[in-house]
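Working notes for the structure below.
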Amino acid sequence: MKSLLKIFTILPSKQYKMCSAILFAMLVGAILEAVGIGAILPLISIMGNEKILYENYELAENLSLIGITTHTEFIVMLSCGLIVLYLAKNLYIAWESYFQIHFAIKNQIYYSKELLAEYIRKPYLFHINHNTATLIRNVHSGSMVTFSLILIPTLQLITEVMTAFIIWLMLVIVDPFTAIIVAGVLSIIIIGISRFFRRKITNQGIIQNNYTAQYIKWLNQSLGAIKETKILHKEEFFLREFNNAYCHYGKANGKFNFFNQVPRTIIEACVVSGLLVLIIVKLILGNTPMDIVPLLGVLALAAFRLMPSANRIINYANLIKFQMPFFNELYPELYSIRRRVEKKSDGYITPPGKKLPYKDILCVEHVGFHYPDMEDDVLSDVTFNVPKGKFVGIVGPSGAGKTTFVDILLGLLEPTSGKITVDGIDIFSDIRAWQENLAYVPQSIYLIDGTIKENIALGVKSEDISDEQIKTVLRMAELYDYIMSLPEGMNTQVGERGVKLSGGQCQRIGIARALYQQPEVLILDEATSALDNETEKSITETILKLKGTITIVSIAHRVSTLEACDYKVKFQSGRVEII
Ligand SMILES: Nc1ncnc2c1ncn2[C@@H]1O[C@H](COP(=O)(O)OP(=O)(O)O)[C@@H](O)[C@H]1O
Ligand SMILES: [Mg+2]
């Protein structure tokens with residue numbers, strides 16, 4: 001019950017109103033359904049009673065006023081009335097479904113984007129510690145599950161309970177004693193079945209949730225490492241791992257579907273045998289069959305009307321239970337979306353503010369860092385200065401903490417001790433303002449599946465891209481001649497992750513991308529190590545020409561790359577030495 005209400009805690013107040021409207025519409029729909037079934041019965045009894053107009057004088061009188069005098073005419077009139085009722089009812093039901101689906105889909109679209117927004121805005125450390133498969137699963141199906149498989153079934157469950165209650169009230173009016181017996185028996189069945197299956201269904205929910213992320217992970221990995229897979233002939237391995245995860249996922253779903261079918265059979269078996277046992281007992285007690293018929297009629301009607309209701313109540317409750325583990329995992333993000341909606345803020349996007357002015361000096365002061373869950377410090381007491389316009393080279397063996405340091409300088413990781421200041425101001429006091437100065441070239445460039453131009457001016461709309469500036473940076477990155485020799489020039493598609501380009505060309509696009517932003521500070525993390533000596537040299541020369549106007553911090557694998565830098569900082573076991 002508590003978990004049932006939890007779904008409503010993620011909804012902003014506007015959505016509450018929508019939910020109440022849907023609930024009301026559902027209830028009206030349920031009543032119309034009941035009326036629809038109920039209306040057939042009088043028609044049948046009137047059809048069977050030819051003398052009705054003779055027996056009921058008042059009715060005949062009223063009917064004759066509208067020109068109906070025979071039994072057949074009366075039936076025709078009632079049939080026409082029923083046709084109108086059914087058309088209206090079904091029109092309403094169609095509208096109600098549209099209303100419901102529209103609500104679910106609208107939210108599904110909105111929440112998918114907002115979930116992605118939640119993840120994008122999470123600190124870099126969060127992303128280091130989470131496999132993208134889990135995040136892909138959440139964005140892909142989180143909002144669908146939340147709205148279509150939890151919220152709507154919750155409303156349906158509430159409607160069903162209310163409808164069952166109304167039918168039961170009708171029964172109370174007809175025969176209170178039977179009504180109480182029926183309510184008692186059905187409640188015991190519903191509670192019994194729910195309790196029996198609760199844990200089993202939750203467990204299958206947990207399994208399906210975990211293994212969805214697992215199979216997406218193996219799918220990503222097997223297609224992501226396609227080259228290695230083919231060369232090393234590891235197809236079997238990837239297929240096996242994928243299959244293993246998918247099997248668990250599929251079996252959990254299968255078990256859930258089975259558990260969801262079982263209640264119907266149990267309810268039917270219990271109710272029918274209950275009725276038959278009642279007959280036997282009555283007969284043994286000396287009642288004649290004719291005595292039992294009237295009671296049995298009411299009982300059977302009630303049971304057969306309430307049985308499908310009881311079944312649906314269990315099914316909705318099971319569905320919600322099955323999806324609950326997934327929902328619980330998403331809950332913090334969904335709740336945070338609600339808070340943002342209520343504050344009417346796009347909190348995940350820090351508005352582009354003003355730049356943190358860097359006029360004089362950047363000071364790295366006693367910076368220390370360790371990754372969470374790791375005992376040893378990766379950096380300890382790192383201290384050095386970078387005067388504006390200088391070219392600082394960073395060297396050191398692999399694993400020395402160079403990339404970690406650069407991630408801190410970029411504002412992706414926060415130091416666990418010490419600070420970095422720019423003209424006396426801590427960069428972490430407004431990290432976005434500091435980042436406005438930066439451009440970064442990582443060791444391996446991530447290219448989007450688009451054109452060269454779109455990759456260089458990443459995130460800029462096509463019509464706003466300056467071709468002139470693209471040409472300038474292509475020249476600086478030693479790519480101009482090659483790109484211009486291609487039939488489609490800078491509009492050439494690079495393929496997913498740049499598969500249609502060489503590693504060196506990808507890297508040079510990364511450099512062009514950084515230069516396109518005309519940064520104040522250029523940070524390179526082994527940006528040229530994938531290039532051949534000649535290209536590396538000429539790019540380094542281009543970068544050197546920028547020295548003086550912009551500040552450069554460059555990690556280099558080959559010390560020769562850093563010959564012309566102003567000074568070098570050597571990282572060794574997390575400490576630094578200026579050379
Ligand atoms: N996400 C992480 N979690 C835990 N340890 C990490 C993580 N990333 C890097 N490390 C560790 O930090 C140390 C420094 O790594 P890194 O900064 O990448 O070195 P470098 O760039 O100098 O080769 C290494 O020992 C590495 O194992
Ligand atoms: Mg590194």
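In what follows, residues are counted from 1 in the order of the sequence shown. Values reported hereafter were calculated over all heavy atoms of this structure, with side chains retained and with hydrogens, waters and symmetry mates removed. Just follow the structure's listing: the first ligand is 1, and inside any ligand the first atom is 1.
- The nearest heavy-atom contact from the protein to atom 1 (N) of ligand 1 is Ile128 CG2, 3.0 Å.
- Looking only at side-chain heavy atoms (C-beta outward), Trp434 and Tyr358 come within less than 4.5 Å of each other.
- Any protein N/O/S atom under 2.8 Å from the Mg ion (ligand 2) was counted, giving 1 altogether.
- Counting only heavy atoms, the protein never gets under 4.0 Å from atom 26 (C) of ligand 1.
- With hydrogens and angles ignored, the 3.5 Å screen pairs no side-chain donor or acceptor of Lys419 with any backbone N or O of Ile425.
- Here Thr403 has heavy atoms under 4.0 Å from ligand 1 in both its backbone and its side chain.
- Using a 4.0 Å cut-off between heavy atoms, Val378 contacts ligand 1 through its side chain alone, with no backbone atom that close.
- Atom OG1 in Thr549 sits 11.0 Å away from atom CD in Gln518 (nearest 0.5 Å).
- Of the heavy atoms in Lys402, both backbone and side-chain atoms come closer than 4.0 Å to ligand 1.
- The two atoms that bring Ile207 and Ala252 nearest to each other are CG2-CB, 3.9 Å, heavy atoms only.
- Numbered from 1 in the order shown, with element, the atoms of ligand 1 that lie under 4.0 Å from a heavy atom of Ser398 read 23 (O).
- A cation-pi contact, defined as under 6.0 Å to the ring centre and within 45° of the axis, is absent between Lys6 and Phe327.
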Would you please test Val382 and Ile408 for side chain to side chain contact (heavy atoms under 4.5 Å, CB included) and show each step?
-> CA-CA 12 Å; Val382 171; Ile408 293 175; over 6 Å; no
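- The nearest heavy-atom contact from the protein to atom 11 (C) of ligand 1 is Tyr371 CE1, 4.1 Å.
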Intermediate values then yes/no, side chain to side chain contact (heavy atoms under 4.5 Å, CB included), Cys19 and Leu151 = CA-CA 9 Å; Cys19 272; Leu151 182 63; 3.9 Å; yes
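- Using a 30° and 60° split on the angle between ring planes, Tyr331 and Tyr335 fall in the parallel class, below 30°.
- A centroid separation of less than 6.0 Å is found between the aromatic rings of Tyr246 and Tyr249.
- The shortest N or O to N or O distance between Gly399 and ligand 1 is under 3.5 Å.
- At least one heavy atom of Ala400 sits under 4.0 Å from some atom of ligand 1.
- Protein heavy atom closest to atom 19 (O) of ligand 1, with residue, atom name and distance, is Gly401 N, 3.3 Å.
- Less than 6.0 angstrom separates the ring centroid of Phe237 from the ring centroid of Trp218.
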Would you check, one step at a time, whether the test salt bridge (Lys or Arg N to Asp or Glu O under 4.0 Å) holds for Arg340 with Glu118?
-> CA-CA 10 Å; Arg340 264 197 288 120; Glu118 281 293 314; 2.6 Å; yes
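- Thr404 OG1, 3.6 Å is the protein heavy atom nearest to atom 16 (P) of ligand 1.
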